[in-house]
Undergrad: 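Right, I'll just put the structure down here and ask away after.
In what follows, residues are counted from 1 in the order of the sequence shown.
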Amino acid sequence: MVKADWLIGINATRLFSILYHKTLNVGRVQTPTLAMLVNRDYAISSFKKEKYHVVRLDVGGVAALSERQDDEAAARQMKAVCEKSQAVCTSIMHTEKRESYGIQSCDL
């Protein structure tokens, strides 16, 4: 597979470089990655705010959140039902997660 990727990449690179009179690198990894970047950029540039509602239930230091509701009336109805009933906690899970938000270095 690596040899096929190399053959396709080198031949396509030569073709597009000759056609457009500048060095253009083409390959099976680069093209889908570029498409992902373009799609993400489009999603960011065409982002529109949407109003939503979340019902929050606080009981003795533990909070429960509903899923996002587009309909305000449905959220208010859920809140009314929760206020009239008694909540029973069946289990609590505590999970510790770590996420890295920086540029990670790699050795090439």
Side-chain angles (χ1 to χ4, degrees):
M1 194 70 166
V2 174
K3 188 174 181 180
D5 290 343
W6 179 77
L7 288 172
I8 291 169
I10 198 163
N11 289 320
T13 296
R14 286 180 183 169
L15 172 68
F16 283 100
S17 295
I18 290 170
L19 288 175
Y20 294 103
H21 305 293
K22 60 182 177 180
T23 303
L24 296 172
N25 295 316
V26 179
R28 287 179 46 175
V29 174
Q30 185 174 354
T31 305
T33 304
L34 182 60
M36 288 170 43
L37 290 171
V38 169
N39 291 339
R40 181 65 180 149
D41 185 56
Y42 175 74
I44 291 169
S45 65
S46 64
F47 176 78
K48 293 180 184 147
K49 291 182 182 180
E50 294 179 0
K51 196 172 195 177
Y52 64 90
H53 306 275
V54 176
V55 178
R56 179 184 176 112
L57 177 64
D58 289 314
V59 181
V62 177
L65 296 173
S66 71
E67 293 183 0
R68 292 181 175 186
Q69 302 271 340
D70 293 334
D71 184 21
E72 182 179 359
R76 288 192 183 278
Q77 183 180 8
M78 183 185 293
K79 179 184 174 194
V81 169
C82 288
E83 288 175 339
K84 293 178 186 175
S85 4
Q86 183 176 4
V88 177
C89 182
T90 57
S91 69
I92 296 177
M93 272 187 3
H94 176 77
T95 306
E96 189 172 320
K97 295 182 181 180
R98 296 177 189 217
E99 294 184 24
S100 176
Y101 291 106
I103 298 173
Q104 298 194 7
S105 64
C106 63
D107 296 328
L108 299 176

Undergrad: Using atom types as modelled and distance alone, determine if a side-chain donor or acceptor of N39 lies under 3.5 Å from a backbone N or O of A35.
TA: yes
Undergrad: Output the distance between atom CG (N25) and atom CG (L34), rounded to the nearest 0.5 Å.
TA: 11.5 Å
Undergrad: Between R68 and H53, is any pair of side-chain heavy atoms under 4.5 Å apart?
TA: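 The answer is no, as the side chains (C-beta and beyond) never meet within the 4.5 Å cut-off.
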Undergrad: Roughly how far apart are F16 CZ and N11 CG, rounded to 0.5 Å?
TA: 12.0 Å
Undergrad: Any salt bridge between E96 and R98, counting N to O under 4.0 Å?
TA: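 Salt bridge: yes.
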Undergrad: Is there a path from L24 to L19 through hydrophobic residues (I, L, V, M, F, W, Y) whose side chains come within less than 4.5 Å of each other?
TA: yes
Undergrad: Can you tell me how far apart OG (S66) and CE (M78) are? Round to the nearest 0.5 Å.
TA: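 Atom-to-atom, S66:OG and M78:CE are 5.0 Å apart.
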Undergrad: How many angstroms lie between atom OG1 of T13 and atom CD1 of I18, to the nearest 0.5 angstrom?
TA: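 Going from the OG1 atom of T13 to the CD1 atom of I18 covers 11.0 Å.
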Undergrad: As an exercise, state the distance from CD of Q69 to NZ of K79, rounded to the nearest 0.5 Å.
TA: 14.0 Å
Undergrad: Given a cutoff of under 4.5 Å between side-chain heavy atoms of I, L, V, M, F, W and Y, with clusters grown through shared members, what are the other residues clustered with L65?
TA: Y52, V54
Undergrad: Quick check for you: to the nearest 0.5 Å, what is the distance between S45 atom OG and R40 atom CZ?
TA: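 Nearest 0.5 Å value for the OG-CZ distance: 10.5 Å.
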